[in-house]
Number of protein chains: 2
Amino acid sequence: MKKRIIIIEDNSSIREGFSAVLDTVESYEVVNLYGNCEDALTSIEKDNPDIVLMDIELPGMDGIAGTARIKKQLPNCIVLIITVLEDSEKVFRSLCAGAGGYIVKNSNISEIVQNIDEALAGGAPMSLSIAKMVVQSFRQQQDSPLTERETEVLQSIAEGKSYSKIALDLFVSKETIRTHIKNIYRKLEVSSKADAIKIANSNKWVTGRPL
Amino acid sequence: MKKRIIIIEDNSSIREGFSAVLDTVESYEVVNLYGNCEDALTSIEKDNPDIVLMDIELPGMDGIAGTARIKKQLPNCIVLIITVLEDSEKVFRSLCAGAGGYIVKNSNISEIVQNIDEALAGGAPMSLSIAKMVVQSFRQQQDSPLTERETEVLQSIAEGKSYSKIALDLFVSKETIRTHIKNIYRKLEVSSKADAIKIANSNKWVTGRPL
DNA sequence: AAGCAATCACCCATTTTGGGGGATTTTAGA
DNA sequence: TCTAAAATCCCCCAAAATGGGTGATTGCTT
């Protein structure tokens, strides 16, 4: 059975190019081409694709949101992101949205086919450089105004722990934790847990996941 | 100036092997070898290494905690993890701890030198398979007992938002959020935010970072 | 000596949380 | 279409958590 493929890409040259290439492959069948996510989503059920090649930059709904929508409707469908090396945050977010891998925009025929076959085989096709971008997005903590202890406390806050629980974990009194929190709030110029977490997270001062 | 290198690895064959290999390189100087982190940490200041080759599996303090300690004392020191492909969670955690890259255990001389040079040049050396493991650790959300809405609510909880804030964000009343929370607690068999977050996180039901 | 980090204490008002009821409407599947 | 699940909302209550204020001690580094 031929693998059903759809392509969502606003640049018609690239769209047609990929389509032409993939149509030469015996085991593939390009069932539809779209210039945006909105159009694709209306007929995705009928298209019933095994593979979606998705651009990230798109007019209207972007490829990340589009990936999430598609995975919601067709969980078994594999979305491969067509991309050029750029924003590591976007690469990361698209993975979270359920992207199955990456295809570099100016790949040649054999590379594209290889990527798609790898995806169909259950792998996660991507170039080393793209993988590194994702990895990078976890380190790069810029210098923080918070002390070590304060960071530790804020990390615990981000894990949903109460002041009492944090105090127990760090073997200090609840009052100490409260003082730290006050200092954190003053330094970050916020006055709530949520705001502190948001700032600390966007600056990579905390890890984002429980340690 | 020669780059100072120390090796922390409990397997003496591997330790001596790496050392012998690196000593043949003109620009490197292996200044010390250790079988565990504890010993290494006592004299790390004197060793003043540019590069640390660190095993993950170690008696006593493991390589992840060791990496964190070393980065705390010598922030500019680059820690490269010596590893075999195994646990993606450990690979991820070591990155969070500040690891600068990975060296596969049975690499040959030129690969090792290449990895170290890449690290010194500011890169993040690692094999494609290791990078993929990290990437994998973000998808693979197993099936959750939570509904979409409940997941959305729990995600917000993990971001430190109060019920009121979540209600505002989702355009529903605070009472609705409370009901969702109750259902989440019942399904996960917990009775606190922290516990719910911990479970949801370990099962990848929430992303761990604000969306 | 001054500054900073970390520790702890007590006061206060307000908000949040968790658990117990019960109810309606919308959605989706059998 | 009937039904079950999901999502929405409301009330009560007590306990806990939170945020802000003021103040104090210790120890370390500069």
Side-chain angles (χ1 to χ4, degrees), chain A residues 41-42 44-45 68-76 143-200 205-206, chain B residues 45 68-69 72-75 143-200 205-206:
Chain A
L41 283 166
T42 60
I44 190 105
E45 304 268 7
R69 294 288 197 88
I70 289 175
K71 291 298 283 189
K72 204 171 289 181
Q73 286 189 52
L74 302 172
N76 296 320
D143 44 9
S144 162
L146 304 180
T147 66
E148 266 186 55
R149 198 56 156 175
E150 286 164 355
T151 303
E152 209 171 359
V153 170
L154 186 48
Q155 174 72 46
S156 300
I157 291 289
E159 286 163 25
K161 295 179 185 169
S162 69
Y163 295 176
S164 320
K165 177 82 172 87
I166 299 172
L168 283 176
D169 289 353
L170 300 185
F171 306 106
V172 297
S173 93
K174 190 197 300 188
E175 289 305 316
T176 300
I177 301 300
R178 277 166 54 67
T179 304
H180 284 312
I181 300 278
K182 288 172 193 171
N183 290 331
I184 291 169
Y185 284 3
R186 185 176 37 72
K187 286 182 181 177
L188 304 188
E189 298 177 69
V190 299
S191 56
S192 75
K193 290 191 289 185
D195 288 339
I197 292 173
K198 201 194 304 170
I199 291 189
W205 294 334
V206 295
Chain B
E45 305 270 5
R69 293 286 197 89
K72 204 171 289 180
Q73 286 189 53
L74 303 172
D143 43 10
S144 162
L146 305 181
T147 66
E148 266 187 56
R149 200 55 157 174
E150 286 163 355
T151 303
E152 209 172 359
V153 170
L154 186 47
Q155 174 72 46
S156 299
I157 291 288
E159 285 163 26
K161 295 179 185 169
S162 69
Y163 295 176
S164 320
K165 178 81 173 81
I166 299 172
L168 283 176
D169 289 352
L170 299 185
F171 306 105
V172 297
S173 93
K174 189 197 302 189
E175 290 305 318
T176 301
I177 301 301
R178 279 167 52 66
T179 304
H180 284 311
I181 300 279
K182 288 173 193 172
N183 290 331
I184 291 169
Y185 284 4
R186 186 176 36 73
K187 286 182 181 177
L188 304 188
E189 297 178 72
V190 299
S191 56
S192 75
K193 291 191 287 185
D195 288 339
I197 292 173
K198 201 193 306 170
I199 290 188
W205 294 334
V206 296

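By convention in this document, chain letters (A, B, ...) are assigned in the order of the sequence lines, proteins followed by strands, and residues within each chain are numbered from 1. No hydrogens, no waters, no symmetry mates; every other heavy atom, side chains included, goes into these values.
- If you check every strand for non-hydrogen atoms under 4.0 Å, Thr147(B) touches sugar and phosphate atoms only.
- Note that the first and last nucleotides of DNA chain D, 5' to 3', having any atom under 4.0 angstrom from a heavy atom of chain A are dA17(D) to dT22(D).
- Residues Glu150(A) and Pro145(A) share a closest heavy-atom pair of OE1-O, 4.4 Å.
- Two end axes, each from the C1' atoms of five base pairs, can be drawn for the helix from dA1(C)-dT30(D) to dA30(C)-dT1(D); they diverge by 60°, to 10 degrees.
- Whole-Å rounding puts the Arg149(A) CZ to dT7(C) C1' distance at 9 Å.
- Spacing between atom CG of Leu146(A) and atom C1' of dA6(C) amounts to 14 Å, rounded to whole angstrom units.
- Atom NE2 of His180(A) and atom C1' of dT7(C) are 7 Å apart (whole Å).
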Within the sub-3.5 Å range, which N or O atoms of nucleotides 17-21 of chain C have a protein N or O partner, and how far apart are they?
| unit_1 | atom_1 | unit_2 | atom_2 | d |
| --- | --- | --- | --- | --- |
| dT17(C) | OP1 | Lys193(B) | NZ | 3.0 |
| dT17(C) | OP2 | Tyr163(B) | N | 3.0 |
| dG18(C) | OP1 | Tyr185(B) | OH | 3.1 |
| dG18(C) | OP1 | Lys193(B) | N | 3.2 |
| dG18(C) | OP2 | Tyr163(B) | OH | 2.3 |
| dG18(C) | OP2 | Tyr185(B) | OH | 2.7 |
| dG18(C) | N7 | Arg178(B) | NH1 | 2.7 |
| dG18(C) | O6 | Arg178(B) | NH2 | 3.2 |
| dG19(C) | O6 | Arg178(B) | NH2 | 2.1 |
| dG20(C) | O6 | Lys182(B) | NZ | 2.4 |

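- Shown are Leu168(A), Asp169(A), Leu170(A); of these, the side-chain contact (heavy atoms from CB on, under 4.5 Å) with Ile166(A) is made only by Leu170(A).
- A donor-acceptor contact shorter than 3.5 Å links the side chain of Tyr185(A) to the backbone of Lys193(A).
- Between the CD atom of Glu148(A) and the C1' atom of dC4(C) there is a distance of 14 Å, given to the nearest Å.
- Whole-Å rounding puts the Ile184(A) CD1 to dA5(C) P distance at 12 Å.
- Whole-Å rounding puts the Ile177(A) CD1 to dA6(C) P distance at 11 Å.
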Step by step, would you call Lys187(A) with Thr147(A) a side chain to side chain contact (heavy atoms under 4.5 Å, CB included)?
-> CA-CA 10 Å; Lys187(A) 286 182 181 177; Thr147(A) 66; 3.7 Å; yes
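- Summarising the geometry, atom NZ belonging to Lys165(B) is positioned 11.5 Å from atom CD1 belonging to Ile177(B); distances are rounded to the nearest 0.5 Å.
- Within the 4.5 Å cutoff, the side chain of Leu188(B) has heavy atoms near those of the Leu146(B) side chain.
- Residues Ala196(B) and Leu154(B) approach most closely at CB-CD1, 4.0 Å, considering heavy atoms.
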